[in-house]
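Structure record follows, encoded as structure tokens.
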Amino acid sequence: MATLFGMVVLVVALTAWAGATVVGWSRSRRADRPGRRPWRRPSPARLAAAVAVLAFLAGGAVHAYGLSYMPFLFPEDACWFNAGSKVLPDSSSALPVSLVCKGEEIVPGWVNPALLLLGVTGIAATGAAVVHAVRARREAR
């Protein structure tokens, strides 16, 4: 569990770092301040990085929702609160998110496909942001 949480934090931190340094979020300028350039349309790299950040944040929220079904301190309480029977879970897993009580899956069926979709979207958007940023720097030379 701690490794999974650390991995999520690392992914969000690396995406934020890429957005701040490679894409240039930290250099945004506004026209209302003296000596600043006027606002211009965001580049494709910035838009892709924004999509990546949103996908990773949404994926973290969906994963946290799925983990709310998991047994932590008292495993029998997970089945009692979610399935109505005070028995130990047959199996549970954090990735893919799964909790089985008396042979029945308790976690909603949409959680794992949503995690897969958001993860693939975030990784693809991060790659697209880096590719667009590198291409823009090469064209600027």
Side-chain angles (χ1 to χ4, degrees), residues 1-85 87-141:
M1 182 65 173
T3 305
L4 181 65
F5 180 72
M7 206 165 65
V8 170
V9 168
L10 185 64
V11 164
V12 171
L14 285 176
T15 305
W17 173 82
T21 58
V22 176
V23 179
W25 279 345
S26 62
R27 294 187 302 251
S28 63
R29 294 179 170 88
R30 300 214 181 255
D32 57 349
R33 296 181 189 154
R36 300 290 175 120
R37 292 188 307 192
W39 184 85
R40 53 192 165 101
R41 186 169 178 253
S43 67
R46 285 185 187 192
L47 294 176
V51 168
V53 168
L54 291 175
F56 285 130
L57 288 176
V62 169
H63 196 257
Y65 174 76
L67 289 180
S68 69
Y69 286 90
M70 293 296 109
F72 290 107
L73 190 55
F74 301 106
E76 66 275 2
D77 287 348
C79 290
W80 188 26
F81 293 138
N82 297 314
S85 59
V87 295
L88 288 173
D90 298 335
S91 67
S92 66
S93 172
L95 201 60
V97 181
S98 174
L99 175 66
V100 179
C101 296
K102 288 187 164 181
E104 183 179 344
E105 179 64 44
I106 304 301
V107 178
W110 60 268
V111 171
N112 288 317
L115 283 175
L116 179 65
L117 177 70
L118 290 169
V120 168
T121 302
I123 291 169
T126 301
V130 171
V131 167
H132 283 300
V134 169
R135 183 181 301 159
R137 285 192 181 179
R138 285 186 182 166
E139 289 175 359
R141 287 188 202 173

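One distance of note links CD1 of Ile106 with CG of Asp90; it measures 9.5 Å at 0.5 Å rounding. Atom CD of Glu104 and atom CG of Leu99 lie 10.5 Å apart (nearest 0.5 Å). Going from atom OG of Ser91 over to atom CD of Glu105 covers 7.5 Å, rounded to the nearest 0.5 Å. The NZ atom of Lys102 lies 4.0 Å from the OG atom of Ser85; values are rounded to the nearest 0.5 Å. Here the straight-line distance linking atom CZ of Phe56 with atom OG1 of Thr121 works out to 9.5 Å at 0.5 Å rounding. A distance of 5.5 Å separates OH of Tyr65 from CH2 of Trp110, quoted to the nearest 0.5 Å.
Minimum heavy-atom separation, Ala129 to Ala49: CB-N, 3.7 Å. When all heavy atoms of Val97 and Leu67 are compared, the pair lying nearest together is CG1-N, 4.3 Å. Of all the heavy atoms in Val62 and Ala114, the pair that sits closest is CG1-CB, 4.2 Å. Val107 approaches Gly66 most closely through the heavy-atom pair CG2-O, 4.4 Å. When all heavy atoms of Ser93 and Pro96 are compared, the pair lying nearest together is OG-O, 3.1 Å. Among all heavy-atom pairs drawn from Pro89 and Pro75, the shortest one is CD-O, 3.5 Å.
Side chain of His63 to backbone of Ala94: a donor-acceptor contact under 3.5 angstrom is found.
Evaluation of the disulfide (SG to SG under 2.5 Å) test over residues 99-141, restricted to residues two or more places apart or in two chains, returns Cys79-Cys101.
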For side-chain contact (heavy atoms from CB on, under 4.5 Å), just list the numbers for Val111 and Tyr69, CA-CA rounded to whole Å, side-chain angles, deciding distance to a tenth of an Å, and then say yes or no.
CA-CA 11 Å; Val111 171; Tyr69 286 90; 5.9 Å; no

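For Asp77, the salt bridge (Lys or Arg N to Asp or Glu O under 4.0 Å) test picks out Lys86, with sequence neighbours left out.
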